[in-house]
Protein chains: 2
Amino acid sequence: MDWTDLQHFLALAREGTLSAAARSLNVDHVTVARRVAALEASLSLKLVDRRPRSYELTENGKRIAKIGAPMAETAFAVERAVQASKSGIGGEITISAPPSLANVLIAPKLIRLRQQHPGIRIKLIGEKRTASLNRREADLALRLSRPTEPGLIARKIGYFEFALYGSPDYLKRTPPHAFAFVAYDSSMDEAPQQRWLMRFAASREIVLRTSDLENQAAAARTGMGLAALPKFLGEADPQLERYDVGGRPVGREVWLVVHRDLRRTPTIRAVAGFIEDCLA
Amino acid sequence: MDWTDLQHFLALAREGTLSAAARSLNVDHVTVARRVAALEASLSLKLVDRRPRSYELTENGKRIAKIGAPMAETAFAVERAVQASKSGIGGEITISAPPSLANVLIAPKLIRLRQQHPGIRIKLIGEKRTASLNRREADLALRLSRPTEPGLIARKIGYFEFALYGSPDYLKRTPPHAFAFVAYDSSMDEAPQQRWLMRFAASREIVLRTSDLENQAAAARTGMGLAALPKFLGEADPQLERYDVGGRPVGREVWLVVHRDLRRTPTIRAVAGFIEDCLA
DNA sequence: ATCCTGATGTGAGAATTCGCACAAATGGAC
DNA sequence: GTCCATTTGTGCGAATTCTCACATCAGGAT
């Protein structure tokens, strides 16, 4: 049995589609299709039903995928062990962080890290989707809440508050009862900052909903209304003015997350220290 | 990371040499060497020291091999699950048995199994070395003592006794105090039949030591001396005559061993039943 | 000493595998 | 309805990988 065939099949089982599996393996979708077909042939066992627009696992396929899944876990553990085996400071480190933190607090200061440790190459992923440290999609992650996955070590390294921001002109000419608001889309309705904004807005109008915080800031700058922005974003922007509201301000904690297997690696420690400085 | 590279490296770590790893993977030794080199390159980590005629794992290599070893276990579990998923009776089944049992009791009757289940292809390994059911070197095994490996199911399906045999002519012309003996080599000194023979021989001469029971029988047939042979072997041979000794006869139990995962597979059950008939 | 066995290393041709470009089909947005 | 994004399928040329044959070296048996 070819282990690479099995790897491709397990990726298909995990991701659901040929294309997604291909992306996660960094290969062409045709390759995944061929590998899965080759596995079926070598095992003389049908693992997937090829439906017009989707691959669906057969019962046997599901059973095999379930039994084989630990292989992928172990493969990732091997990769972490490799990373942990490297003594010197260097290599490529992947950091996952919410886009705003990545863009505002991390990216501008990366030059300092490169100066201090020229051997380190950083891959910074600014995505809302939380990358899996277990699957080694990232080596270090910034999260806004404490993660619960097993095997991960989390440390609270920062805290930031939100405030309402609008353009100075908008705040001057608009009475509070006529305020309009800019918010996240509904997928973020459960986030504390969104709930806080919604409660304050009450019956007043939401004129824009967007998943991107930078878009919200841009809208607020042009005078569309008020947006709930992190202070580290709003205070630094001369085109935005804070509108203070009463009550307890809402804030989020920032957690630095690393896999247990990588905690003591010199390179990881160096990068983790750098990130803590960024948030200090 | 290429899983096939890792597979080849783990095989090297387990088998000790490139050539042995190549044999166990059914590839050329050059392929193993290149795969291991490729893995080292992709990980940027030295895993083996290439000594003149041997590969030796580095410390990092040992650690990686240890962490990755469960992948091989899981791969074998997948193969067993595949075998167990097959509903019909058919396919290739590998049986491991001590050479004498394989040659005398199993092989001659295989024709009956083929007649009953034409879809089954049998691979019969008559080796002293006990094949690993966990590594799927065999699907079914006959052992002379109860195995202790985890995951294996063993059933006692037979018992046979040993007796001393020599050529009729030899027994006629040789007085007991002048008997010479044929025995296993020293690697078998702990086996019950060997201890029994040695105790009986006492100070009398051992004229031949060989690891092969068939060779012992051949030597006894030509009048070299007495050999301790299973009765199922000696009684059927007109060129051998039993020499009865007092005391309790020595015997060995025969255990039929199958992996837990394969116990209920139709094909395995069919072959297991056939083997029980052979031993009955 | 000589032969045999089994280990790793090297080079070249054959076989395999991969990615790309393109196609077809479906569902959602507008 | 059209347009766009996403998914799977096909053919072909390029790149990679494997096997084979041969070489070298060491150890053991004769």
Side-chain angles (χ1 to χ4, degrees), chain A residues 1-43 46-58 61 65 127-129 185-187 208-212 215, chain B residues 1-43 46-58 61 65 127-129 185-187 208-212 215:
Chain A
M1 185 179 58
D2 185 322
W3 282 23
T4 303
D5 286 349
L6 187 57
Q7 175 186 31
H8 284 66
F9 168 69
L10 292 174
L12 171 63
R14 176 158 41 83
E15 303 290 338
T17 70
L18 283 188
S19 303
R23 277 191 296 274
S24 93
L25 294 171
N26 269 309
V27 296
D28 197 275
H29 69 94
V30 186
T31 301
V32 181
R34 280 192 286 239
R35 286 277 179 187
V36 171
L39 183 65
E40 284 183 309
S42 83
L43 302 179
K46 201 158 177 300
L47 298 173
V48 293
D49 281 326
R50 286 149 181 89
R51 314 258 325 142
R53 194 163 143 40
S54 69
Y55 268 46
E56 192 171 346
L57 297 195
T58 63
E127 276 187 345
K128 301 182 76 76
R129 191 180 71 87
D185 63 33
S186 56
S187 69
L208 172 64
R209 282 178 157 250
T210 169
S211 64
D212 190 292
N215 287 346
Chain B
M1 184 178 60
D2 185 320
W3 282 25
T4 302
D5 286 349
L6 187 57
Q7 175 186 30
H8 285 65
F9 168 70
L10 292 174
L12 171 64
R14 175 159 39 82
E15 302 290 339
T17 69
L18 282 187
S19 303
R23 275 192 297 274
S24 93
L25 295 170
N26 269 310
V27 296
D28 197 277
H29 68 94
V30 187
T31 301
V32 181
R34 276 193 287 246
R35 287 277 179 188
V36 172
L39 182 65
E40 284 184 310
S42 83
L43 302 179
K46 201 159 176 299
L47 298 173
V48 293
D49 282 326
R50 286 150 181 89
R51 313 257 327 141
R53 254 159 332 288
S54 69
Y55 268 45
E56 193 172 345
L57 297 195
T58 63
E127 276 188 345
K128 299 183 78 76
R129 191 179 72 88
D185 63 33
S186 55
S187 70
L208 172 65
R209 280 177 158 251
T210 169
S211 65
D212 190 289
N215 287 346

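Because the structure is a prediction, the values reported are computed rather than measured. The chains referred to below are lettered A, B, ... by the order of the sequence lines, with proteins before strands, and numbering in each begins at 1. When reading the values below, keep in mind they use all heavy atoms of this one structure, side chains included, and skip hydrogens, waters and symmetry mates.
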Would you say [X] and [Y] make side-chain contact, with heavy atoms under 4.5 Å?
| X | Y | answer |
| --- | --- | --- |
| A/Leu12 | A/His8 | no |
| B/Leu39 | B/Met1 | yes |
| B/Leu47 | B/Tyr55 | no |
| A/Trp3 | B/Leu10 | yes |

Contact boundaries on DNA chain C for chain A, cut-off under 4.0 Å to non-hydrogen atoms | C/dT17 to C/dT26
Using a strict 4.0 Å threshold on nitrogen-to-oxygen distance, state whether B/Arg35 and B/Asp5 make a salt bridge.
->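 Salt bridge: yes.
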Test your reading of the model: is there a side-chain donor-acceptor pair from [X] to the backbone of [Y], 3.5 Å cut-off?
| X | Y | answer |
| --- | --- | --- |
| B/Asp2 | B/Thr4 | yes |
| A/Thr210 | A/Asn215 | no |
| A/Glu56 | A/Arg51 | no |

Output yes when at least one side-chain N/O atom of B/Thr31 is less than 4.0 Å from OP1 or OP2 of D/dT17, else no.
-> no
Any B/Arg34 side-chain N or O less than 4.0 Å from OP1/OP2 of D/dT19 =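 No, outside the criterion.
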Taking only the side-chain heavy atoms of A/Tyr55 (C-beta and beyond), determine which of D/dG9, D/dT7, D/dT19 contains the nearest atom.
->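 Looking only at heavy atoms from C-beta outward on A/Tyr55, the closest nucleotide is D/dG9.
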Whole angstrom value for the distance that separates [atom2] of [N] from [atom1] of [X]:
| X | N | atom1 | atom2 | value |
| --- | --- | --- | --- | --- |
| A/Arg35 | D/dT8 | CZ | C1' | 19 Å |
| A/Arg51 | D/dT8 | CZ | P | 13 Å |
| B/His29 | D/dA21 | NE2 | P | 12 Å |
| A/Asp28 | D/dG9 | CG | P | 13 Å |

Close N/O contacts between protein and nucleotides 26-30 of chain D (under 3.5 Å):
residue, atom, partner, partner atom, Å
D/dA26, O4', B/Arg53, NE, 3.1

Check every strand shown and say whether [X] touches a base, only sugar-phosphate, or nothing at a heavy-atom separation below 4.0 Å.
| X | result |
| --- | --- |
| B/Ser19 | base |
| B/Arg23 | sugar-phosphate |
| A/Val27 | sugar-phosphate |

Applying salt bridge (charged side-chain N to carboxylate O under 4.0 Å, His left out), which residue pairs with at least one partner in residues 15-28 of chain A are found, sequence neighbours left out?
-> none
